[in-house]
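Reminder, nothing fancy here: chain letters follow the sequence lines and each chain counts from 1. Model, not experiment: these values are computed from the prediction.
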Protein chains: 2
Amino acid sequence: MSQDIPVTGYAILGLLTFGDELTGYEIKQRADVTLRFYWVSPAMSQIYTELRRLSDRGLVVADVRRDGGREDGREVTTYAITDAGQEALRAWMDQTPAGFPVLKHPVLLRLLIGHVTETEQTRQMLHDYVAELDQALADLSAVRESLRGADEPGQPFRFPSLVADWGLDYFDAEKRHTRLALASLGETGPEGETATA
Amino acid sequence: MSQDIPVTGYAILGLLTFGDELTGYEIKQRADVTLRFYWVSPAMSQIYTELRRLSDRGLVVADVRRDGGREDGREVTTYAITDAGQEALRAWMDQTPAGFPVLKHPVLLRLLIGHVTETEQTRQMLHDYVAELDQALADLSAVRESLRGADEPGQPFRFPSLVADWGLDYFDAEKRHTRLALASLGETGPEGETATA
DNA sequence: ACGTGACTATTCCGATTAGGAACACTACTC
DNA sequence: GAGTAGTGTTCCTAATCGGAATAGTCACGT
């Protein structure tokens, strides 16, 4: 009866296990810097929908207060995980299979049908992808660095650090795959460019 | 005005560039063995929805005939890409950015919040994931093998082969990442197991 | 011939999810 | 004290999922 919570609901519950009470808005922000790399950045509407559901089931408590403590401020609602929420999350982890990752990879999709356009166009796409990967690597590296100092066994960011390292490796692997594909396409490089590291 | 076609629509269009006329059902089957690895396996309902849209825009032609050629058989509709469809696909490839991949990775999501359960539970999950990766590798290898003989430059399956090789590398990389995580979790392995290759 | 079950083919429907727009208040700047 | 950047929440529409429902075909044994 409590098993009809979507994965995104558990993801939000999980974000709340790292300590603080958060507003929906703050949850969205945290999701945007962490969850987005290996899950989704849920839409605002979805976060508030989930929070209502979780609240209805007693897995989180909503704390409504007035902004700045003043009587006339607007209402701000923060959410915290409850004991029941901890248990539900644990039960989900222990008793339901994780499931296989789903990848929506537009670069690979386009590479698949590379025969409908010029090879040069495909090469360009792959080069662009490498640039985006570099950006993602930079963003994720920043996250990884911010976890330093609390990433040892027993410390709060041990698991997030493992995940970040995994993600960094993943992006590196993607860069390799992209280079291999470029090589296979007889990469000559855009005009005058020399091979990059 | 023709730019409001979802990516899945172009994916279907792309499947139709490999030659034959296909029924919606056959498209679903092909998607299940190829697209699923790096895009989605669209629901049947979605495939038929897209085919209607593509047909309305003249990007595919529907060919209705009676099963087995007999007058009394059921109606079967096959679809083929049109010249306009080829052009639309090409325009999409050349003029719209591919976009960054989206990964829905339940294993990483759970690893992130590994602190809510026992480490042994997390290890188990990672072992299960390796087993699923092996299965995926086997499936994709079979696809890859089926492309042999037509995977040289200029041949029809050159690009699908590139994509399959990329996918195989990706799954290998995932296995490595999983092993690294296991090692970091102080992997002792399930009772009596020895390290695998 | 007659069921039975597996496969092919299509449609339909309810429930999620995506993705923003809209709204409203706060806080800082010029 | 007007403007604009940021915070916090709600609402709406379209897209998507996922499978049930429907239905004909085929191969099989009886």
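A close approach under 4.0 Å does occur between a side-chain nitrogen or oxygen of R52(B) and OP1 or OP2 of dT11(C). At dT16(D), none of the side-chain N or O atoms of T49(B) fall inside 4.0 Å of OP1 or OP2 (strictly under the cut-off). Between Q29(B) and the phosphate of dA9(C), there is no side-chain N or O to OP1/OP2 separation shorter than 4.0 Å. Between dG19(C) and S45(A), no contact under 4.0 Å exists linking OP1 or OP2 to a side-chain N or O. Close to dG8(D), at under 4.0 Å from its OP1 or OP2, lies no side-chain N or O of Y25(A).
The aromatic rings of F18(A) and H115(B) sit tilted, their planes meeting at an angle between 30° and 60°.
Atoms OH (Y10(A)) and C1' (dT16(C)) sit 16 Å apart, rounded to a whole Å. If you take NZ of K28(A) and P of dT10(D), they are 16 Å apart, rounded to a whole angstrom. Going from atom CD of E26(A) over to atom P of dT9(D) covers 9 Å, rounded to whole Å. Spacing between atom CG of D32(B) and atom C1' of dA9(C) amounts to 15 Å, rounded to whole angstrom units. dT17(C) atom P lies 10 Å from atom CH2 of W39(A), rounded to whole Å. Atom C1' of nucleotide dA9(C) and atom CD1 of I27(B) are separated by 12 Å, given to the nearest angstrom. Separating the CG atom of L51(B) from the P atom of dT16(D) is a distance of 14 Å, rounded to the nearest angstrom. If you measure from atom NZ of K104(A) to atom C1' of dG19(C), you get 13 Å, rounded to the nearest angstrom.
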Please output the side-chain donor-acceptor pairs of residues 129-141 of chain A that fall under 3.5 Å, not counting sequence neighbours, one pair per line with the distance.
| unit_1 | atom_1 | unit_2 | atom_2 | d |
| --- | --- | --- | --- | --- |
| Y129(A) | OH | H105(A) | NE2 | 3.3 |
| Y129(A) | OH | E174(A) | OE1 | 2.5 |
| D134(A) | OD1 | K175(A) | NZ | 2.6 |
| Q135(A) | NE2 | D139(A) | OD1 | 3.0 |
| D139(A) | OD2 | R36(A) | NH2 | 3.3 |
| S141(A) | OG | L137(A) | O | 2.7 |

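The side chain of Y48(B) lies closest to dA9(C) when the candidates are dT16(D), dT9(D), dA9(C). Distances were taken from every side-chain heavy atom of M44(A) (C-beta onward) to each of dT17(C), dC7(C), dT9(D); the shortest belongs to dT9(D).
Annotation for F159(A) and L111(B): closest pair CB-O, 3.1 Å, computed over non-hydrogen atoms.
For the side chain to side chain contact (heavy atoms under 4.5 Å, CB included) test, residues two or more places apart in sequence or in another chain that qualify with A80(B) are E21(B), V61(B).
Cation-pi geometry between R110(B) and W92(A) is satisfied (NZ or CZ under 6.0 Å from the ring centre, within 45° of the ring normal).
Closest-nucleotide positions on DNA chain C for Y79(B) and V40(A) were compared, and the one nearer the 5' end corresponds to Y79(B).
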